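This report concerns only the one structure given below.
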Amino acid sequence: MECEKELMKKVDVSRLPAHVAIIMDGNGRWAKQKGLCRVEGHRAGVRQVKEVVRFCSDLGIQVLTLYAFSTENWKRPKVEVMAIMSLLRTFLRKEIEELNANRVKLTAIGRLSEMPSPALRELEKCMAMTSQNDGLILNLALNYGGRSDIVDGIKRLAADIQNGKRALQDINEELFSRYLYTSGLPDPELLIRTSGEMRVSNFLLWQISYAEIWVTPVYWPDFGRTHLLEAIIDYQARERRFGDHK
Ligand code: IPE
Ligand code: IPE
Ligand code: MG
């Protein structure tokens, strides 16, 4: 693989994807391959989160959405779930200062009210502390599912119709988008999945309708700046089509 400096020369910084979304997969396999327990894989994954956030912030990406915990991930053994929640809390507590120093604004999508309260409290604190920042939006998908995003959006919209705030004939794609967790954010232009799986795993189903997809066999704890640059270079070389033809 080329070095970061060489790759950087190939990136057109004036045409960066505004919104990059990442399915951070492969922590467990990374750990297994090294003879470690799965939690060690998640711990190593957090290191890469810090690295990638810093890099996106330096590059000038507007939004980075990271799939950190899905609505399906509760099915995992309780110890693993608890370890992930504890790592999340520690990450938020330790990183808040650096996030603030880099003007990163932390947001989150998902059924947040169902998150364990210690993690939720830390999350809410960090979101409040960074809410005025104008740099990278770091958007964490937590207890997130694309289907529950849509269902919750429908419920809120239906409630607004019931209370007279909206009329049935007002509903269109643009209006409905405003009822999703991602309201106000541009749709992801680049969707990255690590560890080689060719599936979406219930991530941002509505929002990725025209995202460019880039899958790498690299496990998340090995994913770094050079891989992100490779993804962006590949994205920039593609002809983006939206169903039309030139
Ligand atoms: C991704 O890594 C992290 C989360 C889903 C929380 P995995 O834990 O899914 O790792 P693999 O897919 O088993 O290797
Ligand atoms: C997707 O990874 C969810 C996150 C990265 C948080 P999973 O490991 O849960 O997805 P599947 O089971 O491979 O589809
Ligand atoms: Mg996985």
Side-chain angles (χ1 to χ4, degrees), residues 19-53 56 63-92 94-95 106-116 118-120 122-123 137-152 180-182 185 188 190-208 211 213-224 227-228 231:
H19 185 169
V20 177
I22 309 184
I23 303 174
M24 309 184 288
D25 197 17
N27 293 351
R29 276 162 283 176
W30 178 91
K32 193 172 178 200
Q33 154 199 275
K34 290 193 147 39
L36 302 168
C37 66
R38 293 182 58 87
V39 173
E40 285 308 315
H42 296 310
R43 202 185 304 282
V46 174
R47 276 202 294 274
Q48 293 323 104
V49 168
K50 292 179 198 166
E51 175 86 359
V52 168
V53 169
C56 284
V63 187
L64 172 67
T65 297
L66 297 177
Y67 203 6
F69 197 83
S70 76
T71 48
E72 288 72 31
N73 288 147
W74 299 107
K75 293 184 229 160
R76 295 186 179 202
K78 202 168 167 216
V79 277
E80 183 178 346
V81 170
M82 278 165 61
I84 292 172
M85 293 302 154
S86 152
L87 283 168
L88 169 69
R89 231 172 81 206
T90 314
F91 166 80
L92 293 169
K94 286 194 175 165
E95 290 308 297
L106 186 83
T107 58
I109 54 172
R111 284 194 178 146
L112 303 181
S113 60
E114 292 170 6
M115 290 286 285
L120 184 59
E122 204 63 48
L123 183 68
I137 296 176
L138 170 59
N139 185 35
L140 297 181
L142 292 165
N143 191 20
Y144 179 86
R147 287 187 170 180
S148 61
D149 192 352
I150 293 168
V151 167
D152 291 353
L180 294 171
Y181 298 135
T182 46
L185 299 177
L190 174 60
L191 172 68
I192 297 174
R193 181 163 188 150
T194 60
S195 93
E197 241 63 67
M198 296 289 181
R199 55 176 173 265
V200 176
S201 300
N202 202 12
F203 191 40
L204 300 173
L205 298 179
W206 170 280
Q207 298 88 339
I208 58 169
I213 303 175
W214 194 80
V215 177
T216 173
V218 170
Y219 295 144
W220 176 252
D222 288 329
F223 185 94
H227 304 102
L228 184 67

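Computed from heavy atoms alone, side chains included, the values below leave out hydrogens, waters and symmetry copies. All ligand and atom numbering here is 1-based and tracks the order in the structure. What you see is a predicted model; the values in this text were computed from it and never measured.
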Next on the checklist: Let me confirm one number: the CH2-CG distance from W30 to D222, rounded to the nearest 0.5 Å.
Outcome noted: 7.0 Å
Item to check | Heavy-atom side-chain contact between L204 and Y67 under 4.5 Å | outcome: no
Checklist entry - Closest heavy-atom contact between N202 and Y144? => result O-CE2, 3.7 Å
Item to check | Nearest protein heavy atom with distance in Å, relative to atom 2 (O) of ligand 1 | outcome: N27 N, 3.2 Å
Checklist outcome for this item: For D25, the N, O or S atom at the shortest distance from the Mg ion (ligand 3) is OD1
Checklist entry - Should the pair F69 and W74 be assigned to parallel (<30°), tilted (30 to 60°) or perpendicular (>60°) ring geometry? => result perpendicular
Item to check | Ligand-residue contact atoms, ligand 1 with A68, heavy atoms, under 4.0 Å | outcome: 6 (C)
Item to check | Minimum heavy-atom distance between A31 and C37, given as atom pair plus value | outcome: CB-O, 3.2 Å
Checklist outcome for this item: Quick note on ligand 2: atoms under 4.0 Å from a heavy atom of R193 include exactly 2 (O), 10 (O), 11 (P), 13 (O), 14 (O)
Item to check | ligand 1 contact on R38 by region, counting heavy-atom pairs under 4.0 Å | outcome: side chain
Next on the checklist: Judged on heavy-atom distance to atom 7 (P) of ligand 2, which of R76, R29, M24, E72 sits nearest?
Outcome noted: R76
Next on the checklist: Taking a cutoff of less than 4.0 Å between a non-hydrogen atom of the residue and any ligand atom, is R199 in contact with ligand 2?
Outcome noted: yes
Item to check | Shortest protein contact, atom 9 (O) of ligand 2 (heavy atom only) | outcome: N73 ND2, 2.9 Å
Item to check | Any G26 heavy atom less than 4.0 Å to ligand 1 | outcome: yes
Next on the checklist: Given N27, which partner from the list R43, H42, Q48, R38 fulfils the side-chain hydrogen bond (donor to acceptor under 3.5 Å, both in side chains) test?
Outcome noted: H42
Checklist entry - Please state which protein non-hydrogen atom is closest to atom 14 (O) of ligand 2 and give its distance, to 0.1 Å? => result S201 OG, 2.6 Å
Checklist entry - In terms of residue, atom name and distance, what is the protein heavy atom nearest to atom 10 (O) of ligand 1? => result G28 N, 2.9 Å
Checklist entry - Considering all heavy atoms of both residues, which atom of L88 and which atom of L140 are nearest to each other, and what is their separation? => result CD1-CD1, 4.2 Å
Checklist entry - Is the closest heavy atom of K75 to ligand 2 under 4.0 Å? => result no
Checklist entry - So, does K32 sit close enough to ligand 1 that a heavy atom of it is under 4.0 Å from the ligand? => result no
Checklist entry - At their closest point, which heavy atom of Y181 faces which heavy atom of S148, and how far apart are they? => result OH-O, 4.0 Å
Checklist outcome for this item: Note: F69, heavy atoms under 4.0 Å from ligand 2, region reported as backbone
Checklist entry - What do you reckon, does D25 have a nitrogen or oxygen under 3.5 Å from a nitrogen or oxygen of ligand 2? => result yes
Next on the checklist: Out of the candidates V49, L228, L138, only one should pair with L64 under the side chain to side chain contact (heavy atoms under 4.5 Å, CB included) rule; please name it.
Outcome noted: L138
Checklist outcome for this item: Residues V215 and M198: closest non-hydrogen pair is CG2-SD, 3.9 Å
